[in-house]
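Please read the structure below before turning to the comments.
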Amino acid sequence: MNLKDDEFFKKLLSTFKVESKERVQNMSTRLLELEKEKLPEKQKSLIELIYREIHSLKSAARSVDLINIENICNAMENIFATCKKDQTIPTAAQFDLLHKTCNQVDQLINAPGEETVMIDEKKAAETVRITAVKLDTLLLQTEEMLTTKLNLMQRLNDFATLRNTLRASNKEWEKLSQEKLILKKHLQKNTDNSDSLVSAQEKILEFLGWSETKFKTMTHNLDALSNALDHDFHIFSNGVDTLLEDTKKLLMWPFSTLLNTFPRIVRDLSRSQEKTVDFVLEGGDIEIDKRILEEMKDVFLHIIRNAIDHGLEKPADRKKEHKPEQGTLKISVQQPTGNEILIAISDDGAGINLEKVKNSAIKEGLLTAEEAQKISNTDALNFIYQSGISTSPIITDLSGRGLGMSIIREKIERVAGKISLDSQPLKGTTIKIQLPLTLATFKGVLINVCDQLFVIPTANLERILRISRKLIKTVENKEAILYGGQTTSLVWISDILGLPKLSKTNTEDDFLSILIITSGDIKIAFVVDDILNEQEILVKNFAKPISHIRNISAAAILGTGKTVPILNSLDLLQSAHLSSSKNSGVYMKTNNPSNKVIQILLVEDSITTRMLLKNILELKGYQVATAVDGLDAWTQLKEKEFSVVVSDVEMPRMTGFELTEKIRQDKKLENLPIILVTSRESQADRERGVDAGANAYINKSTFDNAHLLDVVQRFAS
Amino acid sequence: MKKNNLAFQKKILKERAVALAKEETPAEEKKEKLEVLEFLIGDERYGVETFFISKVHLLRDLTPLPGSPIFMIGIINVRGKIAPVIDLKKFFDLPGKTITPLDHVIIVQANEAFWGILADTVLGISHIPTHHIQTSLPTLTGIRSEYLKGVTTDQLIILDAIKLAMDKKILIDDKT
């Protein structure tokens with residue numbers, strides 16, 4: 001659903017609210033009148049009026065997809081239909097029921113679209129309604145208290161330093177007790193000195209004695225103060241931690257707030273694919289941190305799309321497999337222990353085609369043909385998480401780009417969750433996601449690289465090591481170490497950040513400080529100059545004009561007031577890969593911009609569209625030749641060499657489909673990548689594109705430049 | 001008596017002339033004036049509308065960010081918010097070395113952007129009548145001219161904070 005649809009839907013919903021409130025009000029009023037009315041003709045007309053209100057409300061509810069209201073109206077309609085037929089009026093008991101129902105409908109009307117969460121009647125007495133905005137503000141303020149907590153820790157440290165200095169000073173003074181006595185005696189002996197000198201000596205000796213006492217008192221007081229501060233700090237610290245945890249719990253929402261939007265989406269998706277789906281939701285009452293739920297929206301959407309697009313088969317195919325024509329898609333949420341939530345999304349479709357996955361992996365260069373033969377099914381399945389892997393034969397707006405699952409896993413890992421999947425050919429697929437109840441406080445490790453401080457998030461940090469330089473191995477010209485029994489690439493963080501290597505690391509210091517950073521299956525060892533400590537970090541995100549800086553995700557403010565950049569673990573892994581070669585044993589595909597000039601043939605009969613697309617492609621650095629229809633394109637293809645063809649479908653003289661077929665039939669051009677860009681939306685057209693042999697089929701109405709450029713880049717390299 | 005009358009009349013006329021003359025200045029004050037904070041970068045005087053200025057303080061605890069553009073010398077902590085510090089000389093690609101110690105940061109907030117401008121000395125606030133600001137100057141060449149509201153007759157270069165905030169060049173965006 002794109003943004004325009006969303007906005008329109010919101011407007012529709014608010015119109016519905018107004019209309020339906022009025023109707024329910026009318027219904028209530030008429031029902032009351034009907035109860036009192038004795039004259040049969042008047043009763044008849046009242047019944048007719050009420051019936052019409054119910055009927056209108058029912059269709060209005062259906063148009064905004066409020067199925068529960070629709071169903072209720074249906075039931076009420078039935079009562080009145082019978083009344084009309086039998087020429088009776090509802091019984092007393094039925095009147096009661098009808099009034100209650102009107103109230104219920106009224107409540108239901110208020111619920112959708114607002115941020116407040118629906119609660120059932122029993123709980124209503126113990127609960128309050130509050131806007132989410134207020135809670136969000138509260139949470140932000142509570143998090144800010146972390147800053148004070150960190151500042152106080154810093155003060156305590158500074159205190160300790162101060163006390164140590166004082167103690168050291170006292171010690172030094174005490175060491176001189178012998179010398180003090182000698183000096184005293186000497187000064188007393190030399191009584192033949194002038195009076196002023198004697199008095200000066202006396203005064204100084206007096207002062208020394210006085211300051212010695214003072215120092216001791218100060219030290220004593222400072223100790224007491226420091227202990228008191230320590231005590232207060234601990235109480236405060238615990239208080240803040242508990243407050244933060246409880247505030248986070250305030251922001252827990254039931255899964256149903258997210259899941260309730262899905263039935264409509266499933267219905268739309270399945271209709272456009274000409275499949276029928278039975279959508280089952282379980283465990284909607286279970287609550288989770290609102291922020292985690294928001295992150296999961298895209299995840300669930302993508303998995304559902306995959307299930308409907310790839311998993312569930314068409315009714316005809318399902319019949320052949322002796323499966324019920326209607327496919328089943330089920331989302332079940334459970335909370336087995338107090339601390340985590342398990343979600344299972346399962347379909348009874350065709351399962352994930354391992355052969356296609358393996359082939360896609362081979363095509364992306366992640367697997368050789370021989371390895372593909374030997375690899376286990378579980379390992380093969382895990383390739384799904386690599387970006388670039390897809391089982392879809394053609395790239396559509398919905399799928400095939402191969403990015404989905406890798407982003408999904410990233411999103412899940414970012415909230416400290418886990419994902420696993422299980423698939424049985426012809427039986428179906430189940431995706432299991434494990435999530436924590438609340439978003440954990442951000443923790444990071446303070447490191448020193450080239451005399452500059454940085455923070456590495458604890459999230460992707462697997463381990464910290466100190467190993468001897470002698471253990472560095474060289475594998476195919478790249479440095480590596482043995483970790484957990486596996487050869488792991490070794491990369492200097494200073495190199496990635498473009499900082500000079502600190503001389504310390506080049507000299508005798510035999511041991512290296514190393515961080516093992518992982519994401520999914522990728523693991524790299526990073527060398528830093530020093531590892532300080534782990535602490536809670538209050539993340540300060542960058543605002544405009546900073547949009548994105550390589551390798552750095554945000555900044556942290558330490559107790560000292562200093563700002564420290566927070567490194568982006570995933571960027572580091574990516575950058576590390578860019579600086580080493582494919583043979584490092586790290587499976588990560590990157591988009592290497594090719595140095596040669598890419599020639600694109602753009603086929604489009606509309607002048608405006610042609611100009612627009614040519615501009616977009618040329619800005620990206622491609623060289624674009626244009627053709628006004630299929631025949632023109634064909635002539636040009638025979639004369640010049642092109643890397644990619646981007647073509648409209650509906651054109652005079654030769655359509656995009658016909659052009660594609662012709663290209664595929666030609667020996668020389670049979671592997672030329674063809675991207676069809678069109679305003680035709682139906683599944684049938686998409687299939688025609690696949691049949692003709694196109695590599696991708698992009699819809700103009702959901703068009704955005706980035707998508708087209710993405711797809712072109714995939715095929716251009 | 002007549003002579004006195006004439007003198008009296010003249011006096012009244014003069015008073016009227018003075019009174020009418022005075023009325024002109026309030027009218028002039030009604031004309032638009034821009035309240036601007038002036039500061040020095042090297043030997044050039046720059047100004048930014050005070051409307052967009054959040055605060056000014058000494059540069060300290062600057063943290064450089066590796067991989068950031070040259071004109072962004074680092075980030076600082078401004079009451080709990082992170083602000084990038086921009087060196088205008090480098091941003092505008094101006095020639096000449098920076099000999100003077102740039103030690104003030106002028107924190108600007110325009111639209112949703114929040115950043116600091118590096119400056120030598122802060123001169124103070126002045127009110128510039130808009131008609132003193134020339135928007136097109138043949139001597140204003142280069143990148144700089146896009147971001148200026150104009151230059152005054154006494155060589156004060158007034159920056160357009162909104163243009164700076166919205167500009168793509170200042171948008172520090174660098175996807176891996």
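By convention in this document, chain letters (A, B, ...) are assigned in the order of the sequence lines, proteins followed by strands, and residues within each chain are numbered from 1.
With a 4.5 angstrom heavy-atom cutoff, B/Ile76 touches chain A only via backbone atoms. In this structure, the portions of B/Ile75 lying under 4.5 Å from any heavy atom of chain A include both its backbone and its side chain. Heavy-atom distances place no part of A/Glu144 under 4.5 Å from chain B, backbone and side chain included. With a 4.5 Å cut-off on non-hydrogen atoms, A/Leu497 touches chain B through its backbone and its side chain both.
Relative to the ring axis of A/Phe236, A/Lys149 does not place its NZ or CZ within 45° and under 6.0 Å from the centre.
With respect to A/Lys411 and A/Glu295, a salt bridge is recorded, a charged nitrogen being found less than 4.0 Å from a carboxylate O.
The environment of B/Lys55 atom NZ is dense: over 12 non-hydrogen atoms of other residues, nucleotides or ligands sit within 6.0 angstrom. More than 12 heavy atoms of other residues, nucleotides or ligands sit less than 6.0 Å from atom CG of B/Leu58.
When each of B/Pro66, B/Ala83, B/Pro64 is checked for heavy-atom pairs under 4.5 Å with chain A, B/Pro66 comes out on top.
The aromatic rings of B/Phe39 and B/Tyr46 sit parallel to each other, their planes meeting at less than 30°, with 60° as the upper class boundary.
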